[in-house]
2 protein chains.
Amino acid sequence: MTITSIHQEEQPTENHSLVDRVETQIVELLRQQKLKVGDVIPKEMELTEMLGVSRTVIREALMRLKVMGLIESKKRKGSVITSPDIFNVLSKSMNPHILDQETLKDMFELRLALEVGMADFIFQRITPDDINELKEIVSKEPEASEEDRFFIEHEISFHSKLYEISNNQSLKNFQKLLLPLFDYVHNSGLLKIPVNSLRYVSHKGLVDVLENGSPELFRNAMRNHLENHFLRLF
Amino acid sequence: MTITSIHQEEQPTENHSLVDRVETQIVELLRQQKLKVGDVIPKEMELTEMLGVSRTVIREALMRLKVMGLIESKKRKGSVITSPDIFNVLSKSMNPHILDQETLKDMFELRLALEVGMADFIFQRITPDDINELKEIVSKEPEASEEDRFFIEHEISFHSKLYEISNNQSLKNFQKLLLPLFDYVHNSGLLKIPVNSLRYVSHKGLVDVLENGSPELFRNAMRNHLENHFLRLF
DNA sequence: TGGTCATATTATGTATAACATAATAGTGAT
DNA sequence: ATCACTATTATGTTATACATAATATGACCA
């Protein structure tokens with residue numbers, strides 16, 4: 001099962017339009033020429049001659065690559081290959097109003113799994129400064145005003161800091177991407193009402209574990225901290 | 001911090017091209033008309049009149065929405081709103097040959113976090129049949145031929161089954177999406193050579209925990225099982 | 001009446017040509 | 001040598017015409 005074989009499987013049928021084929025031809029061309037990030041790709045007119053199709057088709061194919069974040073085009077300079085920020089791409093189709101409810105629920109679960117599972121990366125990369133910053137955030141937390149908008153903002157800033165500590169840019173982008181979804185999910189009655197609103201492990205408790213505990217302990221603490229969210233699912 | 005406010009933040013500058021603006025106008029239009037999945041959107045010519053731009057621009061904007069999986073277009077019928085399979089969208093820009101190494105490493109970490117963190121969903125939804133299937137897979141595993149292609153395939157089929165048990169379609173799609181990446185990462189020397197090749201917790205051990213243990217135990221067992229992968233990162 | 005086939009219609013897909021615009025290169029004057 | 005102006009280049013936008021596929025229409029026949 002090689003990479004290429006897997007990719008081929010994704011396009012089994014023959015119902016490709018001309019633009020479809022041209023798109024893959026261009027990607028293939030770029031790969032063959034071993035073009036790296038920053039290199040300029042052939043001009044639109046050159047591509048029309050190379051591939052024998054109209055500029056319209058070339059432009060539509062290039063437009064796709066642009067949307068995918070594979071290239072960027074500038075006037076006169078032409079198009080250059082870019083390093084696609086895949087989550088930025090994703091964010092454009094992540095419109096909560098359009099995604100179906102099942103997917104929204106799935107994404108919510110995905111987030112919970114990530115926050116529980118990223119313990120090792122946090123422990124591997126956390127610094128004393130990070131600990132202090134987390135303590136700072138905790139100290140400014142509002143007390144017991146559960147429904148408050150202010151409370152949610154603090155909730156977000158604490159967890160965002162954890163993602164930042166993981167030092168995984170894709171993970172950070174992913175979280176940023178999910179934020180508007182949760183906002184939507186919370187307001188849309190898609191999930192059950194929380195059974196009770198007390199948090200078993202507080203943010204302060206999590207910081208303690210980060211300071212003195214282990215990844216194992218942190219996973220369990222985080223799982224516990226998120227208990228309310230899990231209860232809303234099961 | 002509402003959804004809309006967050007979305008607006010993503011487009012701060014004024015460097016939008018005409019197609020950019022038309023794209024958002026169309027999405028806005030669809031939202032205002034409260035169009036749901038399956039509804040047909042205005043024809044290209046109608047949009048040209050509504051928005052006062054050429055059909056080409058309309059088509060390029062619609063092309064973007066197509067790439068994002070928001071609409072599908074059929075001849076004569078026009079374009080209809082679809083429920084975007086966001087990970088299918090993502091897969092198109094997930095070309096391992098184009099993604100930079102940092103992103104590849106990030107995705108690898110993301111996978112590890114997910115597999116450790118999804119314990120609760122597996123436990124919540126696993127059935128006796130699933131257990132039997134896992135046992136079946138384990139029984140067919142090759143012995144100690146670590147480098148073997150055959151071994152990797154069994155590794156994949158075991159872990160794929162776990163994703164399936166999670167009953168989270170987005171999660172499953174995500175894994176499917178990541179498979180070619182790992183293939184690439186493994187072959188590209190991007191990660192360190194594994195320090196030693198023994199697995200601390202075997203697949204059989206994981207199944208035992210699934211049968212008799214708890215989410216907590218499973219998280220630790222899975223973390224242990226993946227030890228080699230973590231060692232390659234740290 | 002009811003069904004089947006050819007034809008018209010409709011909306012997307014593709015091709016071509018022309019002009020607009022922005023960025024760069026090049027030229028010339030001081 | 002520097003600055004300003006112009007020419008050039010490649011993408012951005014518009015307009016038009018034709019191709020193609022899917023559907024609707026309607027005539028025709030049994």
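Residue numbers start from 1 in every chain, and the chains themselves are labelled A, B, ... in the order their sequence lines are given, proteins ahead of strands. Worth saying up front: this structure is predicted, and the values here are computed from it rather than measured.
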* Asked: B/Ser17 has a side chain; which of C/dT14, D/dT13, D/dT11 sits nearest to it?
  -> D/dT13
* Asked: Looking at the side chain of B/Val53, which of C/dT21, C/dA15, D/dT14 is the nearest nucleotide?
  -> D/dT14
* Minimum-distance nucleotide to A/Glu44 side chain [options: D/dG12, C/dG13, D/dT14] -> D/dG12
* Asked: Between C/dA11 atom C1' and B/Glu46 atom CD, what is the distance in whole Å?
  -> 10 Å
* Asked: To the side chain of B/Arg59, which of C/dT21, C/dT12, D/dT14 is closest?
  -> C/dT12
* Asked: Do B/Thr48 side-chain atoms and B/Arg55 backbone N/O form a donor-acceptor pair below 3.5 Å?
  -> no
* Check: B/Lys43 side chain, B/Lys77 main-chain N or O, donor-acceptor pair, under 3.5 Å -> yes
* Asked: Would you say A/Leu114 and A/Gln175 make side-chain contact, with heavy atoms under 4.5 Å?
  -> no
* Asked: How close or far is atom P of D/dC18 from atom NZ of B/Lys75, stated in whole angstroms?
  -> 17 Å
* Over how many whole Å does the gap from A/Leu51 atom CG to C/dT14 atom P extend? -> 14 Å
* For B/Thr56, report the nucleic acid contact type (base, sugar-phosphate, nothing); a contact means any heavy atom under 4.0 Å. => base
* Asked: Within this structure, what is the CD-to-P distance between A/Glu60 and C/dT14, rounded to whole angstrom?
  -> 7 Å
* According to a strict under-4.0 Å criterion, is A/Ser79 in side-chain N/O contact with OP1 or OP2 of D/dA10? -> no
* Asked: Does B/Lys43 make a side-chain N or O approach to OP1 or OP2 of C/dG13 shorter than 4.0 Å?
  -> no
* **Between D/dG12 (P) and B/Met63 (CE): distance, integer Å** => 15 Å
* How is B/Lys77 classified with respect to the nucleic acid when contacts are heavy atoms under 4.0 Å: base, sugar-phosphate, or nothing? -> nothing
* To do: Could you check how far CD1 of A/Ile58 sits from P of D/dA10, rounded to whole Å?
  => 15 Å
* Asked: With a 6.0 Å cut-off on ring centres, are B/Phe121 and A/Phe230 close enough?
  -> yes
* Phosphate oxygens OP1/OP2 of D/dT14: is one of them under 4.0 Å from a side-chain N or O of B/Arg55? -> no
* How many Å lie between CD on A/Glu23 and C1' on C/dG13, as a whole number? -> 16 Å
* What's the CG-P distance between B/Leu47 and C/dA11, to the nearest Å? -> 12 Å
* Tell me which of A/Arg76 and A/Leu18 sits closer to the 5' end of DNA chain C, going by the nucleotide each one is nearest to. => A/Leu18
* Can you find a side-chain donor-acceptor pair between A/Asp130 and A/Thr127 that sits under 3.5 Å? -> yes
